[in-house]
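Read the numbers this way: they start at 1 and go in the same order the structure lists the ligands and their atoms.
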Amino acid sequence: MSDDFGNLRELYQEVIFEHNRNPRNFRYLADATHQAVGHNPLCGDQLTIYLKVNDDQLIEDVSFIGQGCAISKASASLMTEAILGKNINEADALFEAMHQMFTDEHPDLDLGKLEVLSGVREFPVRVKCATLAWHSLHNALHGTDQVAQTE
Ligand code: FES
């Protein structure tokens, strides 16, 4: 990751803007094998994450729908890109790594493109927006029916 915080902030804004305007995999998935709803009680926004996992435990397809701010939508969009084709253990490990990135000031992680989301740490109240999709993913992977709350 660049040490130049200005560049990170610029990239963060660019990526959020672009993924919000053109979210990847923003659709209902009729043949999903796993799904979960995430809810941010601070604003009422809600996302549903869908996964199609095959017999080899690979995520063959992933999508999301719902109402959310630009950050929550961009984070969900980036997440779907990142986990498509991964197996469920890898997706789970990515959830843990992202959780660390969102909460730790100095995580020793290499998350590639997803690191741009660390820019949200500058705006603590928006961290819940960025984590909404990831908490939902975690619940979907673990077959939890409960709505994932960011609180
Ligand atoms: Fe609702 Fe961001 S303001 S999820």
Side-chain angles (χ1 to χ4, degrees), residues 1-2 4-30 32-53 59 61-86 88 90-107 109-151:
M1 164 152 306
S2 167
D4 185 336
F5 197 69
N7 281 351
L8 173 64
R9 182 187 284 182
E10 210 170 281
L11 183 61
Y12 166 75
Q13 286 171 348
E14 236 172 68
V15 170
I16 297 290
F17 181 76
E18 202 277 315
H19 275 263
N20 177 50
R21 202 178 44 179
N22 180 27
R24 317 302 193 267
N25 305 302
F26 188 63
R27 58 188 155 80
Y28 171 66
L29 189 58
T33 55
H34 300 58
Q35 69 182 69
V37 176
H39 177 240
N40 182 348
L42 289 180
C43 59
D45 288 341
Q46 196 159 300
L47 296 177
T48 304
I49 306 293
Y50 299 100
L51 304 172
K52 183 179 176 189
V53 179
I59 299 171
D61 203 356
V62 50
S63 71
F64 75 105
I65 57 169
Q67 293 284 339
C69 64
I71 296 170
S72 65
K73 217 166 173 179
S75 184
S77 173
L78 285 159
M79 183 191 79
T80 62
E81 279 190 329
I83 66 169
L84 184 63
K86 288 197 169 13
I88 58 172
E90 291 167 333
D92 218 15
L94 189 57
F95 162 79
E96 296 294 345
M98 291 300 289
H99 186 64
Q100 189 187 341
M101 187 191 79
F102 285 129
T103 54
D104 185 349
E105 281 295 318
H106 303 288
L109 302 167
D110 180 6
L111 290 165
K113 190 177 176 183
L114 291 169
E115 286 190 17
V116 75
L117 287 169
S118 68
V120 80
R121 287 202 310 252
E122 231 201 311
F123 314 99
V125 75
R126 308 312 296 276
V127 169
K128 293 186 190 313
C129 305
T131 57
L132 184 59
W134 295 89
H135 284 297
S136 310
L137 169 67
H138 185 259
N139 277 9
L141 287 170
H142 293 275
T144 307
D145 285 342
Q146 278 180 346
V147 173
Q149 304 268 357
T150 54
E151 284 285 278

Legend entry - N, O or S atoms of the protein lying under 2.8 Å from atom 2 (Fe) of ligand 1: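 Short answer, with waters excluded from the count: Cys69 SG, Cys129 SG.
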
Inset, instruction - Under the side chain to side chain donor-acceptor pair (under 3.5 Å) rule, collect the residues that match up with Arg27, sequence neighbours excluded. - result: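 Arg27: side chain to side chain donor-acceptor pair (under 3.5 Å) contacts with Asn25, Asp61.
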
Legend entry - Partners meeting ring pair (Phe, Tyr, Trp, His ring centres under 6.0 Å) with His138 (sequence neighbours left out):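 Partners of His138 by the ring pair (Phe, Tyr, Trp, His ring centres under 6.0 Å) criterion, ordered by chain and then number, come out as Phe95, His142.
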
Legend entry - Residues which pass ring pair (Phe, Tyr, Trp, His ring centres under 6.0 Å) with Tyr28, listed by chain and number, not counting sequence neighbours: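 Tyr28 satisfies ring pair (Phe, Tyr, Trp, His ring centres under 6.0 Å) with Tyr50 once adjacent residues are dropped.
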
Inset, instruction - Classify the ring geometry between His135 and His99 as parallel (under 30°), tilted (30 to 60°) or perpendicular (over 60°). - result: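 Rings of His135 and His99: perpendicular, as their planes differ by over 60°.
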
Legend entry - Sub-4.5 Å side-chain heavy-atom contact between Leu94 and Trp134: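 Contact flag for Leu94/Trp134 side chains = yes.
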
Inset, instruction - Rounded to the nearest 0.5 Å, what's the gap from CD1 on Ile59 to NZ on Lys52? Could you check? - result: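 With rounding to 0.5 Å, CD1 (Ile59) is 13.0 Å from NZ (Lys52).
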
